[in-house]
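Below is one structure, written out as structure tokens; comments come after it.
A note on names: the letters A, B, ... follow the listed sequences, proteins ahead of strands, and every chain is numbered from 1.
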Protein chains: 2
Amino acid sequence: MRRDSRLSGVLHVLLHMAQQPGPFTSETLARAMDTNPVVIRRIMAGLRDLGYVSSEKGHGGGWMLACDLSKVTLRDVYAALGSPSLLAMGNRTEAPGCLVEQAVNAALDQAFHDAEALLLRRLGEVTLAMLGEDLRKRLGPRKIHDISAHRA
Amino acid sequence: MRRDSRLSGVLHVLLHMAQQPGPFTSETLARAMDTNPVVIRRIMAGLRDLGYVSSEKGHGGGWMLACDLSKVTLRDVYAALGSPSLLAMGNRTEAPGCLVEQAVNAALDQAFHDAEALLLRRLGEVTLAMLGEDLRKRLGPRKIHDISAHRA
DNA sequence: AATTATGTAACATATAAAGTTACATGAGAC
DNA sequence: GTCTCATGTAACTTTATATGTTACATAATT
């Protein structure tokens, strides 16, 4: 597939989890995200390792939030995914012998680095709690739908 | 392959072309870039359409620079490639009905947009002539090698 | 007319995200 | 203790896209 949407996906999951008590099975979360339970487990694994969520097996098991939402930023979540590349473009050759290519790389690297740094800074400025606040504003009087409720 | 290296590649080509008189065949440029002539034609097509380079068929034909290098920025070259996506990440769903996902998208979009804008601004600040200047500094007393000269 | 070079379509390859299947493991229900 | 539910994970499939390659048409020079 084209662009990496794991960050978008996992944030969607976390924000849903913050709206109602857990736990949530991978099955439930996958249904809400219109994807596969294994995909959910895959993207949640990194967050569990860092203690942002916890998981329990067996009856009554599933995923639970395990962090202070005001302490975790989008950048933290990004890091939990393994810090995948942010930019779609890169240099043709990383350490070229050709001086011409070195000049090109130097110019591009600076621009790329600046853009990556800004993006990381912006992600670091937004906490999960802030996302939740924004969501409440969008909801207004409406009530969030219960993602755990499902038709057989 | 992983990251888009067309911008890096085409800049490399242009900077080589600026170092010696043309024209250059796709074959010559491909050899210098360690790639295929068709790849060269493909990435040069957009630049030709915008008048940055010209191409001639037949004997003595090939590619020539056709612009003032101090007037063309890296951003212009990027645009000539068709402005491919800059970021490797994106939203899972562009226009979601889910308010939760809308909140996530809004936060990510702002960060993504800021980073893209900065990258474009940086690319717009560097002209091909500036790249040439930087190259001359790197070369020092050395002479650039003639990419047209090749062993049979 | 032969040669050289671009222009382009069509096909092949490589990589990575996303989706799927299969099965092992652990925890509660009975 | 056994059954059921849920995660953990490996392996495989699918899809998208950049890149590489082959083939051949077209145009310009010799």
Side-chain angles (χ1 to χ4, degrees), chain A residues 1-10 12-13 17 22-31 33-49 53-64 66 78 81-93 148 150 152, chain B residues 1-10 12-13 17 22-31 33-49 53-64 66 78 81-94 148 150:
Chain A
M1 273 90 188
R2 52 186 180 292
R3 292 163 92 181
D4 186 339
S5 67
R6 281 176 291 178
L7 181 58
S8 168
V10 73
H12 186 181
V13 166
M17 290 173 72
F24 305 85
T25 66
S26 303
E27 169 73 31
T28 295
L29 295 174
R31 203 173 332 105
M33 300 274 302
D34 195 35
T35 183
N36 192 288
V38 177
V39 174
I40 298 291
R41 294 190 194 113
R42 204 143 55 190
I43 65 178
M44 295 289 273
L47 278 79
R48 182 194 54 225
D49 294 346
V53 297
S54 61
S55 59
E56 289 295 338
K57 291 180 175 179
H59 281 276
W63 299 91
M64 297 272 282
Y78 161 75
L81 295 176
S83 303
S85 11
L86 294 172
L87 298 180
M89 315 193 66
N91 290 321
R92 215 177 53 86
T93 305
S148 298
H150 63 287
Chain B
M1 273 89 188
R2 52 185 183 292
R3 293 162 91 181
D4 187 339
S5 67
R6 281 177 291 179
L7 181 58
S8 168
V10 72
H12 187 182
V13 165
M17 291 173 72
F24 305 83
T25 66
S26 303
E27 169 74 28
T28 295
L29 296 175
R31 206 173 330 108
M33 299 275 302
D34 195 34
T35 183
N36 193 288
V38 177
V39 174
I40 298 292
R41 293 190 194 112
R42 204 143 55 189
I43 64 178
M44 295 289 272
L47 279 79
R48 182 192 54 225
D49 294 345
V53 297
S54 60
S55 60
E56 289 295 338
K57 291 180 174 179
H59 281 276
W63 299 92
M64 298 271 283
Y78 162 75
L81 295 177
S83 303
S85 1
L86 294 171
L87 298 181
M89 313 193 68
N91 289 322
R92 217 177 53 85
T93 305
E94 265 332 304
S148 298
H150 62 287

Taking only the side-chain nitrogens and oxygens of B/S26, find out if one of them lies under 4.0 Å from OP1 or OP2 of C/dA5. no
Only one of B/V38, B/L29, B/L7, B/V10 passes side-chain contact (heavy atoms from CB on, under 4.5 Å) with B/I43; say which it is. B/V10
Between B/E27 (CD) and C/dG7 (P), how many Å, whole number? 15 Å
Hey, can you pull the residues of residues 33-45 of chain B with a non-hydrogen atom under 4.0 angstrom from DNA chain C? B/V38, B/R41, B/R42
Evaluation steps, side-chain contact (heavy atoms from CB on, under 4.5 Å), between B/M64 and B/E56: CA-CA 8 Å; B/M64 298 271 283; B/E56 289 295 338; over 6 Å; no
Interatomic distance where CG belongs to B/D4 and P belongs to D/dG20 [whole Å]: 12 Å
Regarding A/R48, tell me which of base, sugar-phosphate or nothing describes its non-hydrogen contacts under 4.0 Å with the strands shown. sugar-phosphate
Verify whether one side chain among B/W63 and B/S26 offers a donor that lies under 3.5 Å from an acceptor in the other. yes
Start with the C-alpha gap between A/R92 and B/R6, add the side-chain angles, then the distance that decides, and say whether side-chain contact (heavy atoms from CB on, under 4.5 Å) holds. CA-CA 8 Å; A/R92 215 177 53 86; B/R6 281 177 291 179; over 6 Å; no
Just do the side-chain contact (heavy atoms from CB on, under 4.5 Å) check on A/R3 and B/S85 with the steps written out, would you? CA-CA 9 Å; A/R3 292 163 92 181; B/S85 1; 4.3 Å; yes
Please compare B/R92 and B/F24 by the position of their nearest nucleotide in DNA chain C and report the one closer to 5'. B/F24
Nucleotide N/O to protein N/O under 3.5 Å, stretch nucleotides 26-30 of chain C:
unit_1 : atom_1 : unit_2 : atom_2 : d
C/dG26 : O4'    : A/K57  : NZ     : 3.3
C/dG26 : N2     : A/G58  : N      : 3.1

Rounded to the nearest 0.5 Å, what separation is found between the CE atom of A/M17 and the OG1 atom of A/T28? 10.5 Å
Atom CG of B/D34: over 12 foreign heavy atoms under 6.0 Å: no
